[in-house]
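Here the structure is a predicted model, which means the values were calculated and not measured. Whatever order the structure lists them in is the order used to number ligands and atoms, beginning at 1.
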Amino acid sequence: MSYKLFIPGPVAVSDKTYAAMTTPVVGHRSPDFVELYNAVQPGLQKLFYTKDPVYISTSSAWGVMEGALRNLCRKKVLNCMSGAFSDKWNDVSKRCAKDAGALKYDWGTPLDPEDIRKELSTGEYDVITFIHNETSTGTMNPIEEIMAVVREFPEVISVVDTVSSFSVLPIKKDELGIDVMLTGSQKALALPPGLSLISVSQRALDRAKELPDRGYYFDFHEFQKNHEKGMTPSTPVIPLINGLRSKLGDIEAEGVENRYARHHELNELVRGWVRQHGFQLLPPEEFGSRSLCCVRNDRDIDLPALNKTLKERYQCVIDGGYGKIKGQTFRISNMGDETKETISALLDQLTEILGEMGKL
Ligand SMILES: *Cc1c(COP(=O)(O)O)cnc(C)c1O
């Protein structure tokens, strides 16, 4: 059974993207691959707002999230934690045998730059990780204010997860001084899962040189060495790179500013529905994500039942909450290729079903 995903990743993939992915595979050391690799660089650098290279990793985002720690942390990493993904990054740091500090917040609470300044002022840290858009709670952290603080500490390398905000709004890597910025394919880029993108500064490459145990698969210097030849360290998932090339073409055709405006408008549409029906976002409104809405289920809606009807009647699926707030929240994504028509239709369907369930 085929149905449409309105969960915050993976999101619906267009027929055009799927078709691009059936382009016949070429040898990954051939001139044809070099052409493909080099063709996606300018579009990626534009979306990352960077002059640094953007490496293509055949892994989901966690691969490069773990890899970044192994490349960069000699002393101690500060993991800012406020949701399922950012909490897990602290766990992953420890599993990599890194000394890992935890700056913890309640889920749905945005990071406070002042707390980060206090922590970094201890001088203990040489890496900080944070998530721009904590997908599990639909919270968008104040990245500009956070980076202004991080820039006060030249020894600290910043690693920023933009997995679910990349291409939804501008995130200016170089201007903000982000050393390592990463994203995945299956969120706002609306590609199938399996690819991650990571842009690494010279500062971060220099740091990586100091770490003898950075492994092979996610070694920044392996990426860099191959990047200079228009290649990846090992055989990449070439169909996804063809999909990416097609998607970058779509973004160029839409116009990146139009894309940002569309996501903002669709997000407002969902927020309007939330307000109209007396629901509330989990985070404070001004920190609400622009790529999804995480809504408090304070009406005891049977979310599996809601999804079952939505799926059977309209072949659509939303998310019934993630991690420890499963059931207490539901999430609606406005990432990827969604339009006013598709989002409005979904909201009408939710209104109808929730009405029948006596929850509106
Ligand atoms: C989805 C997501 C991840 C994890 O991505 P995988 O593709 O499962 O590795 C990490 N961070 C954020 C913010 C995400 O939304």
Check each atom of ligand 1 against the heavy atoms of [X] and keep those under 4.0 Å away; list them by number with element.
X	value
Ala61	5 (O), 6 (P), 7 (O), 9 (O)
Trp62	4 (C), 6 (P), 8 (O), 9 (O)
Asn133	13 (C)
Thr135	12 (C), 13 (C), 14 (C), 15 (O)
Ile131	13 (C)

(Q) Could you check whether Arg214 makes a cation-pi contact with Phe220, meaning its NZ or CZ is under 6.0 Å from the centre of the six-membered ring and within 45° of the ring axis? (A) no
Q) Just checking, Lys173 and Phe48: is the charged tip under 6.0 Å from the six-membered ring centre and within 45° of the axis? A) no
Q. Does the ring center of Tyr322 lie less than 6.0 Å from the ring center of Phe85?
A. yes
Q. Do Phe166 and His132 make the cut of ring centroids closer than 6.0 angstrom?
A. no
Q: Indicate yes or no: does Lys4 engage Glu338 in a salt bridge with an N to O separation below 4.0 Å.
A: yes
Q) Is the shortest distance from a Lys or Arg side-chain nitrogen in Arg117 or Glu152 to a carboxylate oxygen in the other one below 4.0 Å? A) yes
Q. Any N/O of Gln186 closer than 3.5 Å to an N/O of ligand 1?
A. yes
Q: Answer yes or no: does an N/O atom from Val163 fall short of 3.5 Å to an N/O atom of ligand 1?
A: no
Q: Could you find the nearest protein heavy atom to atom 9 (O) of ligand 1 and give me its residue, atom name and distance?
A: Ser60 OG, 2.6 Å
**Q.** Protein contact to atom 12 (C) of ligand 1 [nearest heavy atom, distance to 0.1 Å]
**A.** Asp161 OD2, 3.4 Å
Q: Take Phe279 and Trp273 through the ring pair (Phe, Tyr, Trp, His ring centres under 6.0 Å) test and state the conclusion after the steps.
A: CA-CA 8 Å; Phe279 290 111; Trp273 179 89; 5.8 Å; yes
Q: Measure the shortest side-chain to side-chain distance between Pro192 and Gln186 over non-hydrogen atoms and say whether it is less than 4.5 angstrom.
A: no
Q.
When you measure from the heavy atoms of Met65 to every atom of ligand 1, does any distance fall below 4.0 Å?
A. yes
Q) Any idea which part of Lys187 is under 4.0 Å from ligand 1, heavy-atom wise: side chain, backbone, both or neither? A) side chain
